[in-house]
Number of protein chains: 2
Amino acid sequence: MLEVVKILKEKGYKVTPQRIAVYDVLKNTKEHPTVEAIYNKLQPAYPTMSLATVYKSLEMFKDLNLVQELNVGEDKFRYDANVKLHPHITCVSCGRVDDVDDEMFFNLSEQVAVKTGYEITGQKLYFYGHCPKCKQKA
Amino acid sequence: MLEVVKILKEKGYKVTPQRIAVYDVLKNTKEHPTVEAIYNKLQPAYPTMSLATVYKSLEMFKDLNLVQELNVGEDKFRYDANVKLHPHITCVSCGRVDDVDDEMFFNLSEQVAVKTGYEITGQKLYFYGHCPKCKQKA
DNA sequence: TACACCACGATAATTATTATTAATTAATAT
DNA sequence: ATATTAATTAATAATAATTATCGTGGTGTA
């Protein structure tokens, strides 16, 4: 939290309550919220905040590599304050998005680099299935 | 090509020139085109074809598991007539999207299942980097 | 205090996609 | 071959997500 303030200042961006608030929402959830979800979550405490501000804050945090953007195949994006490359898994039944530990993926990029001739800079790994809760119901 | 016709008939769908054309575009390219790109490619030969028809054809092929839908992080989808689960790699510089052989990924899903408790039904693996051409330029 | 400079909120504009509807076409039985 | 009918198409309106615009106001600095 202080970390963000420091980075914003260093990069010459202003530290505003809106920006902190957006970042805090992401930092304090494991739910990979959409813009809409972030906006709704902030409505009570920041009733005058604009959707555009959420979009702009996220864009800025993305550029600063303070959040990462996900797209699990929806027509919208989700956001995550954990910027470490790690796989995500989404339930095809209820739509929730969870993290997956990524110890086993550590050398994937190297293998891909060799195969494709690309210089790899990033990766996104998405898995799909039925989460434990939805498995029970079925 | 004949294969598609057969499947459409079996499933009770009509075989139309538009549908064949959309499928052919996907079958004969490795470029993972967007809806727009498919539409443009068909314009000369099918000048009256509607964008909505491209969308609907793709939706149907998706349901029939004849094409798969990709989203590498753009605000739109791309399509691939290769429905086998396989990783994709996209150039952060020129935007091209290529395939990656996936022999090394064959048991990823099982590992993820164990770790998350999900019952895995699918996966999407995207890598990012500089393609060989763009590496040269830099 | 005055002056820039951002950043904000409101809202218009844009882009991708989906829904609607009337007309056309493919499949089937005559 | 032709008529029937039900699916499909093209055109276009509608919707949803995102981005751009712009006037206002706060903040830091000279």
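Quantities reported herein were computed from a predicted structural model and do not represent experimental measurements. Quick note on labels: first sequence line is chain A, next is B, and so on, each numbered from 1.
- The aromatic ring centroids of A:Y23 and A:F61 lie less than 6.0 Å from each other.
- Across C:dA7, C:dG9, C:dT17, the shortest atom-to-atom separation from the side chain of A:T48 is found for C:dG9.
- Both A:P17 and B:Y13 sit near DNA chain C, but only A:P17 has its closest nucleotide nearer the 5' end.
- Distances were taken from every side-chain heavy atom of A:V35 (C-beta onward) to each of D:dA20, D:dT18, C:dA19; the shortest belongs to D:dT18.
- Under a cut-off of 6.0 angstrom, the local environment of CD in A:Q18 is crowded, with over 12 non-hydrogen atoms contributed by other residues, nucleotides or ligands.
- When the side-chain nitrogen and oxygen atoms of B:R19 are compared with OP1 and OP2 of D:dT9, one or more of them lie within a distance under 4.0 Å.
- Rounded to whole Å, atom C1' of D:dT18 lies 11 Å from atom CD of A:E69.
- Toward the 5′ end of DNA chain D lies the nearest nucleotide of B:G12, the other residue of the pair B:G12 and B:D75 mapping further downstream.
- Distance, B:I20 CD1 to D:dT8 P: 13 Å, rounded to whole Å.
- Of the side-chain N and O atoms in A:Q18, one or more sit less than 4.0 angstrom from OP1 or OP2 of C:dG9.
- Looking only at atom types and distance, the side chain of B:D101 has no donor-acceptor partner in the side chain of B:H86 under 3.5 Å away.
- Taking atom CD1 of A:I38 as the reference point, atom C1' of D:dA17 lies 14 Å away to the nearest angstrom.
- Of the listed nucleotides (D:dA20, D:dA11, D:dG26), D:dG26 has the atom at the smallest distance from the side chain of A:K14.
- Phosphate contact (OP1/OP2 of C:dC8, side-chain N/O of A:T16, threshold under 4.0 Å): present.
- Rounded to whole Å, the distance from CZ on A:F61 to C1' on C:dA7 is 13 Å.
- Atom CZ of B:F77 and atom P of C:dT15 are 18 Å apart (whole Å).
- A straight line from CG of A:L51 to C1' of D:dA16 spans 12 Å, rounded to a whole angstrom.
- For B:V15 and B:K76, each mapped to the nucleotide of DNA chain C holding its nearest heavy atom, the one lying further toward the 5' end belongs to B:K76.
- Between A:Y55 and the phosphate of D:dT18, there is a side-chain N or O to OP1/OP2 separation shorter than 4.0 Å.
- A salt bridge links B:E69 and B:K62; the closest N-O separation between the charged side-chain nitrogens and carboxylate oxygens is under 4.0 Å.
- If you take OH of A:Y39 and P of D:dA16, they are 16 Å apart, rounded to a whole angstrom.
- Considering only side-chain N and O atoms, B:S50 lies nowhere under 4.0 angstrom from the phosphate OP1 or OP2 of D:dT9.
- Between atom CZ of residue B:R78 and atom NE2 of residue B:H32 there is a gap of 8.5 Å, rounded to the nearest 0.5 Å.
- Taking for each of B:P47 and A:K56 the nucleotide of DNA chain D with the nearest heavy atom, the 5'-most of the two is the partner of B:P47.
- B:L58 places its CG atom 10 Å from the P atom of C:dT18, with the value rounded to the nearest Å.
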